[in-house]
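All of these numbers come straight from a predicted model, not from anything done at the bench. A note on names: the letters A, B, ... follow the listed sequences, proteins ahead of strands, and every chain is numbered from 1.
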Amino acid sequence: MSDAGAIPREWRIIRSEAADGAWNMAVDEAILEAVMAGEAPPTLRLYTWQPWCLSLGYFQRAGRSADRDELARRGWTLVRRPTGGRGVLHADELTYSIIAPASLLAEFEGSGVTQTYLAISRGLAEGLRLAGVPCEIAPERTHRETTASARQASAACFDSPSSYELTAGGRKIVGSAQTRRGGALLQHGSIPLPWTSPRLQR
Amino acid sequence: MMALPAGAGAEMLARSVATVSEFVPDCTVARLGDALVEVLEGRLMHRARPGALSGAELAMAVSLKGKYQSDDWSLMR
C-alpha cells in the first residue's frame, strides 16, 4: 500500500458492529499486523461488545483474576488482550482502538509509550468534553508511585488512574492500554456509559 | 476474584469509576463516537475518512480469532 519507508498519513475510521471479545481482539491485532507491514493506513476503530466480556491484560493470570464458571453462568465471555493492564468488564461502553506507526504519533508529545499515551489522552479528553463530560488528564506518576500502586493494585483496571489517564469527578473514566510491535502501536481503551454495578452483584 | 467484583468489591469499584452517563444522561454510543471522531480528526489525524477492514485484514482476523477463543493462553505467546 505504501511506498518503501513512507508512512501513510491519511487515517481510516472504522465503526464496527458489536462483536464478541475474541473477534474484537482478533480484529485489533489483525489491523496492527497490517499497519506494521505497511499494508493498512493508521486506523481509529470504535466498537462495542456483545455479549459482555471480561478482558484481562496480557500479563494477568486467568486463574487468579477471573472466575470462569461465574462468567459462564452470566453468559459473559473472557478474553485476553494483546495489551497489558488489568481486567476490564466490557458492558455498556464504547471502546476505541488507535493503531498507527509509533513515529506518526511521536510528533505530538514524543515517541515513548507515555508520550504517545498523553497525545492520545489529550484528544480523547477533548472529545469527551465535546460530548459534555468534564474530563481531566491525570498527572504523570513517579516511578515510586507507580511501583507502590502496582503492589496494592487489584485485578481491576478501573480502580485507580495511571499517568495521563482520564478522570471525571476525580474518578477514572477511560481505561487504556498500549502495546507495540515492529514500530507500530496499538492502544485501546474502554469508556463506560452507565455504571453496571447492580448487574455485577452476585 | 476482583475482576468480577461482588458486594463490597463492586461498591468499591463503583466509587472509583466515572461514567459518561453521570454527566450526560442521554449520551449514546453513537453520539460519543461522533464527538471523539470530530476531535481526533482535528487533533491527531491530519486527514481521515471512513473505511473498512481489507480482505487481508478480515482473513487474518478470522485466523487469529481461534487464539483468542482458546482456554490455552500459551497460544498468545
Side-chain angles (χ1 to χ4, degrees), chain A residues 9-15 21-23 25-27 29-31 33-34 39-40 44 46 48 54 56 58 62 65-67 70-71 79-80 87 94 96 119-120 122-124 126-127 130-134 154-156 158-160 167-169 171-173 191-195 197 200-202, chain B residues 1-7 9-25 27-54 56-71 73 76:
Chain A
R9 298 188 67 84
E10 182 168 274
W11 287 66
R12 170 179 59 168
I13 299 168
I14 298 177
R15 292 182 185 238
W23 180 250
M25 294 302 93
V27 168
E29 187 177 354
I31 296 172
E33 290 288 329
E39 296 170 353
L44 167 66
L46 300 175
T48 56
L54 176 66
L56 297 183
Y58 183 82
S65 304
D67 183 339
E70 183 64 16
L71 287 169
V79 73
R80 187 183 192 183
L94 176 65
Y96 76 89
I120 293 170
R122 288 193 196 282
L124 294 173
E126 204 174 316
L130 180 65
V133 178
S154 73
F158 271 89
D159 73 350
S160 61
T167 63
R171 287 161 292 135
K172 187 165 171 175
I173 195 165
I191 310 172
L193 272 85
W195 168 242
S197 176
L200 281 174
Q201 307 276 353
R202 287 176 197 268
Chain B
M1 297 298 174
M2 189 57 217
L4 184 59
E11 289 168 19
M12 184 188 79
L13 192 55
R15 285 198 298 272
S16 68
V17 177
T19 69
V20 172
S21 302
E22 285 176 54
F23 303 96
V24 192
C27 191
T28 61
V29 163
R31 282 181 52 197
L32 179 58
D34 288 345
L36 292 180
V37 166
E38 181 177 335
V39 168
L40 291 172
E41 272 190 295
R43 179 177 268 280
L44 279 186
M45 307 181 283
H46 299 296
R47 295 188 304 276
R49 61 180 174 180
L53 294 176
S54 69
E57 287 170 312
L58 269 175
M60 185 177 294
V62 169
S63 72
L64 289 168
K65 186 176 181 184
K67 175 177 79 172
Y68 286 103
Q69 285 175 312
S70 173
D71 286 342
W73 284 22
M76 290 290 292

- Closest non-hydrogen contact found for B/L32 with A/A131 is CD1-CB, 4.0 Å

- Message: salt bridge (charged side-chain N to carboxylate O under 4.0 Å, His left out) for B/K65 and A/E29? Distances and angles first, verdict last.
- Response: CA-CA 10 Å; B/K65 186 176 181 184; A/E29 187 177 354; over 6 Å; no

- Query: Which residues pass the salt bridge (Lys or Arg N to Asp or Glu O under 4.0 Å) test with B/E41, sequence neighbours left out?
  - Reply: none

- Which bit of B/A30 comes within less than 4.5 Å of chain A, counting heavy atoms only: side chain, backbone, both or neither? backbone

- Query: Got A/L94 and B/L36 here, is their nearest side-chain heavy-atom distance under 4.5 Å?
  - Reply: yes

- Item | Per-residue contact mode, B/L40 against chain A (heavy atom under 4.5 angstrom) | side chain

- Query: Between B/G42, B/P50, B/A35, B/P25, which residue shows the highest count of heavy-atom pairs closer than 4.5 Å to chain A?
  - Reply: B/A35

- Query: Which pair of heavy atoms, one from A/R171 and one from B/F23, lies closest together, and at what distance?
  - Reply: NH2-CZ, 4.5 Å

- Item | B/R49 and A/I13, any side-chain heavy atoms less than 4.5 Å apart | no

- Note on the structure: Smallest heavy-atom separation, B/A61 atom then A/A26 atom, equals O-CB, 3.4 Å

- Within-4.5 Å side-chain heavy-atom neighbours: B/V62 and A/W23: yes

- Per-residue contact mode, A/L124 against chain B (heavy atom under 4.5 angstrom): both

- Under 4.5 Å from a heavy atom of chain A, the part of B/A52 involved: backbone

- Task: Grab the two heavy atoms, one from B/T28 and one from A/L193, that are nearest each other, plus how far apart they are.
- Result: C-CD2, 3.7 Å

- side chain to side chain donor-acceptor pair (under 3.5 Å) partners for B/R43, two or more places apart: A/E126

- Query: Do A/I173 and B/T19 have side chains that get closer than 4.5 Å, going by heavy atoms?
  - Reply: no

- Task: Please name the pair of heavy atoms, one in A/P192 and one in B/V17, separated by the smallest distance, quoted to 0.1 Å.
- Result: CG-CG1, 4.2 Å

- A/R12 side, atom CZ; B/S54 side, atom OG - distance, nearest 0.5 Å: 6.5 Å

- Item | Heavy-atom side-chain proximity of A/L46 to B/V37 below 4.5 angstrom | yes

- Task: Could you pull out the closest heavy-atom pair between B/E57 and A/A30, with the gap in Å?
- Result: O-CB, 3.5 Å

- Which atoms of B/V24 come close to chain A, meaning under 4.5 Å heavy atom to heavy atom: side chain ones, backbone ones, both, or neither? side chain

